[in-house]
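Proteins come first, then strands; the chains are lettered A, B, ... in the order of their sequence lines, and each starts at number 1.
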Amino acid sequence: MKLWSLKKKHILIIDDFPGMRSMLCNMLSVFSAESITEASNGEEAIQLITDNHYDVILCDYNLGNGKDGQQVLEEAKEKELIPYSTIYIMTTAENTSEMVMGAVEYMPDDYLSKPFTKEVLISRLKKLVDRKENLRKISLSIQQRDYVSAIEMCSKLLDKKPKNRYELLKIQTDLYIRIKDYQHAEENIRIVLNEREIPWALLYLGQVHFYREEYDEAKYIFEDLSEDNPNYLFAHDWLAKVHEKKGDYVLSQESLSKAVTRSPKSIKRQKILADISFKNKDFDTSESAYRKIVRTGKHSCYLSPDDFSGLARVYIQKGMSVDAVSTINSMKDLFCQPGTDDNIKTKVNEVLIYDEMLNKEKTVSSIQAVMSEFERSPGSLHSADAVTIATLCYKNAQDEDANKLIRHAIRNNHDNQSAIDEIISTLTDMNVSQDFIKSLMKTREEVVELNNRGVKLATTGKIEDSISLFLKASSAMSENTVINLNTAQSLIMHMKMSGATDDLIRVTKKHLDRVTFDGKPSEKYRMLTTAYRELKDTIENVNDRVFP
Amino acid sequence: MKNAKNSMDFSTILASSVHDMKNSLAMLLGSLNEITNQCEPKTCPVHEKFRRIQHETQRVNRDLVLLLTLYKMDQGKYYLNADEVLVEDYLEEVILEYKELLDGHGITLSLQCPQDLVGYFDRDIVSSVLKTIISNAYQYTQDSITVSAAKVDGFIEINIIDNGPGYPSHMIYDNTIPSTGINFETGNTGLGLYFSQQVANLHKSKDKTGYIQIRNLTNNTGGCFSIFLP
């Protein structure tokens, strides 16, 4: 047998306790680990993860003040700072089951409860490497949103009657649900449930009923599941969703409260609670949930300007306008980085809050703040927000600004008929004349023309001109699917001829990631992501990152 | 006699101090690990002593985990975290901790498990059970401990067999038979067995509930502990 070693592996140890870090270093050095970096807190860890590549991350759950291990993981995954191949192990002094149950979205590859010996650590690492390798292709397809291929790969592995049969069935069921193939999802679930009543299988069964709009069936399943497994928080989450669909907001809030009590640090869950209790006009609960988000969320990547405007809205309802204004001001302090989506979102939220407070003067002046940020960085304003602000502009006799914003929304959606229809109906509601709407819609043709010019440049060999045209266009209309895809296409054409670089790969990925779609990805998207992946591999193979 | 309210408060105090002790032990164990890693069995005359300290510290730690878990169960706050388990891999990891210690004492530790055996149970809590039983077997065995697993009637059966004098007759136990119970007064391993039984009982699937069995091999060739998980 070949001696297993950690030679050449880049390892990051995150623990607030120096004694623990040096102990882990010693354990790993026995297995020839050469490159070990240490971080004593979450912020330092995120910085290191952003700037470097790590093959293995050992992170303690409890990191003192600041981010905890789960928040580091969430941020690393959410911002795609770590590739699939990176092994993330959470070490913990507590019983792990509470952490497992509390997580909303991302889970580490493994939990290790302290104390553990070096033998156990290495044995886990070896197994995780195998597991990653076993699921590598499936995970890559999922990352590229190519769910159909991922499902086929699961079937192929399942045919071999593997040891991790349940795990594969679970992944496949999840994928069937994502592509709305509920029949196959249910078949998988039945296979498992005939063998034993596993919570995740019941959870998926409830989801299948939910998506088929069989809300009563879904309700019974989630009720039983949450009663039998009070710590299986997904069951409470889904029960709340069903109640909400059925219009039972009070029951929905009740289920969510149960889940939140068991996972007070989960920002995402607090947000849902804040929202539903607002709908219930239970402003005290909503306020306390929002305040927790704003307080504990300061270390979380999930904190957004919307949480502050949510809190401000609660204050408005409670007649506490002074607190509403100070909440808006803390939002502005926190998200003031110019050119970012959050910065303009902050200004949009400010407009909406002042409008709600019926403060006309402040509304108009904050519209001006949105406009100047929009002129500086048009790509950061979402088209839905642009339309919302435009309606307020019309209301406050700022027609010229309104027209600019509407054109922006049209540019971003020139090829998306349902979005265009929505814009037209909003404009009609605002009493904009049909003739003027038609003239606004000419913007669509401008985009078509611009796009054609870019494509022509690419097909006539002027690939660099095409890229610069598309990059300029996509920076102004960051939501436009056609423009984003063609930007990526020109970049890919260029890389196929002149070779890939880290920078070009990063820019291409940014444009591909901006593309959204309902259900199945388009053929063009699949083709481009495959080409992108191949080009990316050409540079990654240069740096050897594979475990022996 | 204290009233019920006071005694409940006391158990909470106990639980939180156990928690604190566990944290100190984790550090102690960490340092011990470093020491044993630095001194080679061949060159360091006290290596064996360190191993022994390490083992006993781990035992104390396990007992504390066990106490905490029993406390949570008592409060109705322990929730099973069951998951798909590849039994062979899992048992390999469980016995890893004992390999060196037992080797040093000339005790062979072997594993017999079908490669494709898959179970569905709470890893952490079942490993507390298995480690407690292996520690016990280590004290009483002559020169071998065997861990074996198999699928029997819809249950995963895990056995820990030693070739020592066997269990005393008052401990022979089968909780499929309702009349036999565990008697705390008759032996110091009572807590471990009580814990094992609780853990087994927590595992349920459809109409099946987990259970344990303690028996002696024929001709007094050793003792056998078995846990059955549905």
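For chain B, the nearby parts of A:Lys163 are the backbone and the side chain; heavy atoms of each come within less than 4.5 Å. Proximity to chain A is limited to the side chain of B:Asn61, based on heavy atoms less than 4.5 angstrom apart. With a threshold of 4.5 angstrom between heavy atoms, A:Phe17 approaches chain B through side-chain atoms but not through N, CA, C or O. Using a 4.5 Å cut-off between heavy atoms, A:Leu24 makes no contact with chain B at all.
The minimum heavy-atom distance linking B:Glu93 with A:Val120 is given by the pair OE2-CG1, 3.7 Å. Between A:Asn164 and B:Leu86 the shortest heavy-atom distance is N-CD2, 4.3 Å.
The ring pair (Phe, Tyr, Trp, His ring centres under 6.0 Å) check on B:Tyr90 picks up B:Phe121, with sequence neighbours excluded.
Here the OH-CG distance, from A:Tyr232 to B:Asn81, works out to 10.5 Å after rounding to the nearest 0.5 Å. How far CD of A:Glu167 is from CG of B:Asp83: 8.5 Å, rounded to the nearest 0.5 Å. A:Asp228 contributes atom CG, which lies 12.0 Å from atom CG of B:Leu80 (distance to the nearest 0.5 angstrom). Distance check, rounded to the nearest 0.5 Å: OH of B:Tyr98 to CD of A:Glu119 gives 13.0 Å. Rounded to the nearest 0.5 Å, atoms OG (A:Ser123) and CG (B:Leu96) are 5.5 Å apart.
Listed by sequence position, the residues of residues 153-164 of chain B in contact with chain A number zero, using a 4.5 angstrom heavy-atom cutoff.
Counting heavy-atom neighbours within 6.0 Å of A:Asn65 CG, excluding the residue itself, gives a total of 12 or less. For B:Gln139, the CD atom is densely surrounded, since the number of other residues' heavy atoms within 6.0 Å is greater than 12.
When A:Met27, A:Glu195, A:Met20, A:Lys127 are compared by the number of non-hydrogen pairs under 4.5 Å with chain B, A:Lys127 comes out ahead. Top candidate by heavy-atom pairs under 4.5 Å with chain A, chosen from B:Leu117, B:Ile125, B:Leu25, B:Asp89, is B:Asp89.
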Quick one, A:Arg165 with B:Val118, criterion side-chain contact (heavy atoms from CB on, under 4.5 Å). Give me CA distance, side-chain angles, the key distance, then yes/no.
CA-CA 9 Å; A:Arg165 192 171 137 258; B:Val118 175; over 6 Å; no
